[in-house]
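Below, chains carry the letters A, B, ... as their sequence lines are ordered, and counting in each starts from 1.
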There are 2 protein chains.
Amino acid sequence: MKTGNHPAKTNAYHHGNLRQSLVDSAVAILEHSGVPGLSLRAVAKASGVSQAAPYSHFSNKQSLLAEVARVGYVRFCERMARELDRDDNRLVGLGKGYVFFALENPALFHLMFSGELAQLVNVDEIDDAFLQGYQMLVDVIAENPLTQFGSDLPHLDTAYAWSVVHGIATLILGNQISAKRYNLNTDEELVEKMLEKYFSATEEVT
Amino acid sequence: MKTGNHPAKTNAYHHGNLRQSLVDSAVAILEHSGVPGLSLRAVAKASGVSQAAPYSHFSNKQSLLAEVARVGYVRFCERMARELDRDDNRLVGLGKGYVFFALENPALFHLMFSGELAQLVNVDEIDDAFLQGYQMLVDVIAENPLTQFGSDLPHLDTAYAWSVVHGIATLILGNQISAKRYNLNTDEELVEKMLEKYFSATEEVT
DNA sequence: CGACTTATCTTAGCGATGTCAAGATCGACG
DNA sequence: CGTCGATCTTGACATCGCTAAGATAAGTCG
């Protein structure tokens, strides 16, 4: 039942690396059982310890979930970075990475942005992974301004671009928007078509 | 503790109009206690009945929540309709109504679009209120096409406009976007500025 | 080496939750 | 009046997050 990574394991009683193991177990449970299956007791059992053991490493369930979200932010940035250079328009690429991550990790994405962890994880006192992702967007917008909307309030463009991709991701996950409504085969195709159409009018800048 | 509306009440044992009363109680609890305070037992107590009474009218908690979401859709449409004609650009007005509703009813909005009720309430087999709201958007886009993005795939424009307003609403609710980051006083001001900038380039159509 | 300290983990239990089974109540209808 | 079906109550079960009390073992210091 253990997740397998106990590098500092010492004996059967003391786990050795329980904190990290709990986070890994939680991520694994979240991926194949979703949010409803993610109970503290299930996480503890998956790591081979008793129900109350997590409280030696996390003050409560929210603290564990904040760690899980942090893992999510790291993977999120990696996913966006992977897609960033595969597109002629870097903003389109960044957007694809954003939405694709959401589609590939629905439960994790929901946890990261549900706002239930907003007290612990918000933009003001956020961890580095989240800020790194936000900085990607700021940089891409800076190197390729959205002048098709005019040059007033240029700093709003980051919030706008973020809203577009976040809205697409959320609505697809909630089944309010789907590929078959637009006679497309996959949601990925829908995302590409939307981002290419609504993020691409930046040629006139040069 | 009762919500007050028992028009068909018959006696102390049989409530008379429990189904509607439960929905009303749930909406009220959701508004001033949020999702975490919305337990079936609390709803039952607020309507003055025992814990298991709701199961005579709803198969489970999700069924009740689906009813609550339906109430939310009705109010949602009313809110958008109220804002629709107050703007020169009707799309901007519709968007304001969309986001303002989310800001004014955060818990209800979250319930309506969280996707947890997606099996019960989706766009395919949705109730009239939801479809009415979607039709508002379709009509506004039809009478004022977003030709600034080109005229190919025009049916994607509804999904795009929806994504923009939904993304703005969700990110503000999750505290990822806020007015003070843009030196504005209120979130409403931020919403207006964004929608006017990114939804207004439709003059060249006429 | 041996005793003390501290972090870690277990067992037991509390209150709250969603849900179900059994039975009580009462209006409607013959 | 008597039966029936819908409605509601009581009581219970499993699970949940969380806490208290105590067991275990690793580290430290004499």
Side-chain angles (χ1 to χ4, degrees), chain A residues 1-3 5-26 29-30 33-68 107 111 114 116-117 119-120, chain B residues 1-3 5-26 29-30 33-68 107 111 114 116-117 119-120:
Chain A
M1 279 296 175
K2 304 187 180 182
T3 49
N5 51 340
H6 313 294
K9 174 163 183 171
T10 53
N11 58 54
Y13 195 94
H14 282 65
H15 184 286
N17 195 14
L18 182 56
R19 184 186 168 94
Q20 187 59 46
S21 174
L22 288 170
V23 175
D24 295 342
S25 299
I29 291 175
L30 196 61
S33 299
V35 174
L38 186 60
S39 70
L40 254 190
R41 295 166 120 100
V43 173
K45 182 178 292 184
S47 285
V49 293
S50 74
Q51 45 183 261
Y55 288 92
S56 293
H57 301 273
F58 299 96
S59 58
N60 50 32
K61 186 183 181 181
Q62 276 216 332
S63 300
L64 210 195
L65 296 189
E67 263 319 293
V68 173
L111 178 68
S114 67
E116 298 163 15
L117 304 174
Q119 307 99 5
L120 300 169
Chain B
M1 277 295 175
K2 304 186 180 183
T3 48
N5 50 341
H6 313 293
K9 174 164 184 170
T10 52
N11 58 54
Y13 196 93
H14 283 66
H15 185 286
N17 196 14
L18 182 56
R19 185 186 168 93
Q20 186 60 45
S21 174
L22 289 169
V23 175
D24 295 342
S25 299
I29 291 175
L30 197 61
S33 298
V35 173
L38 186 61
S39 70
L40 254 190
R41 294 166 119 99
V43 172
K45 183 178 292 184
S47 285
V49 294
S50 74
Q51 46 184 259
Y55 287 91
S56 293
H57 301 274
F58 300 95
S59 58
N60 50 32
K61 187 183 183 182
Q62 275 216 332
S63 301
L64 209 197
L65 296 188
E67 259 326 285
V68 174
L111 179 67
S114 66
E116 298 163 14
L117 305 174
Q119 306 98 5
L120 301 168

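In this structure, the side chains of A/S56 and A/L18 stay at 4.5 Å or more apart for every pair of heavy atoms. When side chains are defined from C-beta on, B/V43 does not count as touching B/V23, because their heavy atoms never get closer than 4.5 Å. With contacts defined as side-chain heavy-atom distances shorter than 4.5 Å, the pair B/L38/B/L65 qualifies.
Residue pairs meeting the salt bridge (Lys or Arg N to Asp or Glu O under 4.0 Å) criterion with at least one partner in residues 46-59 of chain A, sequence neighbours excluded, are absent.
Following rounding to the nearest Å, A/R41 (CZ) and C/dC9 (P) show an atom-to-atom distance of 17 Å. To the nearest angstrom, C1' of D/dG17 lies 15 Å from CG of A/L22. A straight line from CG of B/L18 to P of C/dT25 spans 19 Å, rounded to a whole angstrom. Look at CG on A/L64: it is 15 Å from P on D/dC16, rounded to the nearest Å. Atom CG in B/L38 sits roughly 12 Å away from atom C1' in C/dT17 (whole-Å rounding). Between B/K61 atom NZ and D/dT15 atom P the separation is 18 Å, expressed in whole Å. Atom-to-atom, NZ of A/K45 to P of D/dG17 comes out at 12 Å; the value is rounded to the nearest Å. One atom, OH of B/Y55, and another, P of C/dT19, lie 4 Å apart when rounded to the nearest Å.
In this view, A/R41 and A/Q51 satisfy the side chain to side chain donor-acceptor pair (under 3.5 Å) rule, not counting sequence neighbours.
Taking the nucleotide of DNA chain D with the nearest heavy atom to each of A/S39 and B/S56, the more 5' of the two is matched to B/S56. Between B/A52 and A/L40, the residue anchored closer to the 5' end of DNA chain D is B/A52, taking for each the nucleotide with the nearest heavy atom.
To the nearest 0.5 angstrom, A/L64 atom CG is 9.0 Å from A/S25 atom OG.
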Can you give me the N/O atom pairs linking the protein to nucleotides 3-6 of chain D at distances under 3.5 Å, or say none if there are none?
none

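Between the side chains of A/S63 and A/N60, at least one donor N or O sits under 3.5 Å from an acceptor N or O.
With hydrogens and angles left out, the side chain of A/Q51 and the base of C/dA12 share a donor-acceptor pair within 3.5 Å.
Across all strands shown, A/S50 has heavy atoms under 4.0 Å from base atoms, whether or not it also approaches the sugar-phosphate.
Checking the phosphate oxygens (OP1, OP2) of C/dA7, no side-chain nitrogen or oxygen of A/H57 falls inside 4.0 Å.
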